[in-house]
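One structure is given below, encoded as structure tokens.
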Amino acid sequence: MRIDILTLFPGLFQNFMAESMISIALKAKALSLRIVNIRDYTQDRHRTADDYPYGGGAGMIMKPEPLYEAITSCLGETKKPVIYFTPQGRLLKQEIVWNYSQEKELILLCGHYKEIDQRIRDTLVTDELSIGDYVLSGGEIPAMVFIDALARLLPGVLNDIDSALTDSHQNGLLGSPHYTRPPDFMGLKVPEVLLSGNHQNIDLWRQEKSVEITRRNRPDLYRAWKRKKQSE
Ligand code: ADE
């Protein structure tokens, strides 16, 4: 998968690309990332990327011309999703990440300052995503969140696909607790069933724990899961 990231702050992506799973995905060539500096598409000598909002109010708005040039230079001939990160977007979910993991090419647009000019959203942006009900100073961290969630689903990145299939949110429930050695840590014991070698019982225990944790921490997900189960 090839992803173009349009940003005013390219430096933010340097460590992100150099460490951990993203660097593995890049080395394995499962993923290729190109960082595009929106300021390179400005046309005045001050390289101005933002301006005051029409109608007044606080905050600066990213100008349409550099965004238009930057996006169209990445679009080329092929149609591909142009995703803009904004708190006004639809809420990012694992299912959405799975759907995008099927694409070959994506363009991610990171806004900064207050917003981007609406005309770019109306004409070039194909999808708007939010990573949660809070406001960040820009779309760079949401873009990293999205790429991280996406990269681990790409073939050849996680060495054990089971570890993606047993993630939280994969079946509508949160994941179950995990333990590793030692079996006794400061008097705290690993649950007996996990040491039993009985995989049927282990699966049952994990399912019960998933339901319990989801019910406690995410009653909204629990209700949806229960409704779905009852209708099956
Ligand atoms: N930009 C600012 N806040 C954001 C959020 N919560 N999600 C996505 N993009 C954003």
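Both ligands and their constituent atoms are indexed starting at 1 by order of listing.
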Handout entry: Shared hydrophobic cluster for Met60 and Ile38 (ILVMFWY, side-chain gaps under 4.5 Å)
Key = yes

Query raised in the report: Contact between Gly138 and ligand 1, counting heavy atoms under 4.0 Å?
Result: yes

The protein heavy atom nearest to atom 9 (N) of ligand 1 is Thr86 N, 3.1 Å

Atom 7 (N) of ligand 1 has as its nearest protein heavy atom Ile131 N, 3.0 Å

Query raised in the report: Do Tyr179 and Phe185 make the cut of ring centroids closer than 6.0 angstrom?
Result: no

of all protein heavy atoms, closest to atom 6 (N) of ligand 1 is Tyr134 O, 2.8 Å

Before signing off on this row, confirm whether Val135 and ligand 1 have an N or O atom pair separated by under 3.5 Å. no

| task | Return yes or no for this condition: an N or O of Gly139 is under 3.5 Å from an N or O of ligand 1. | result | no

among protein heavy atoms, the one nearest atom 2 (C) of ligand 1 is Leu136 O, 3.3 Å

Residue set satisfying side chain to side chain donor-acceptor pair (under 3.5 Å) with Arg206, at least two apart, ordered chain then number -> none

With heavy atoms and a 4.0 Å threshold, my read on which part of Pro142 contacts ligand 1 is side chain

Checklist entry - Would you call Leu129 a ligand 1 contact, heavy-atom distance under 4.0 Å? => result yes

Residues at least two apart in sequence or cross-chain that pass ring-ring contact (aromatic ring centres under 6.0 Å, His included) with Tyr84, listed by chain then number, are none

closest protein heavy atom to atom 10 (C) of ligand 1 is Pro87 CD, 3.6 Å

For Gly111 and Ile116 the tightest heavy-atom approach is CA-CG2, 4.1 Å

Taking every heavy atom of Gly59 against every heavy atom of Pro53, the minimum-distance pair comes out as O-CD, 3.2 Å

Value for CG (Asp4) from CG (Leu6), rounded to nearest 0.5 Å, stands at 7.0 Å

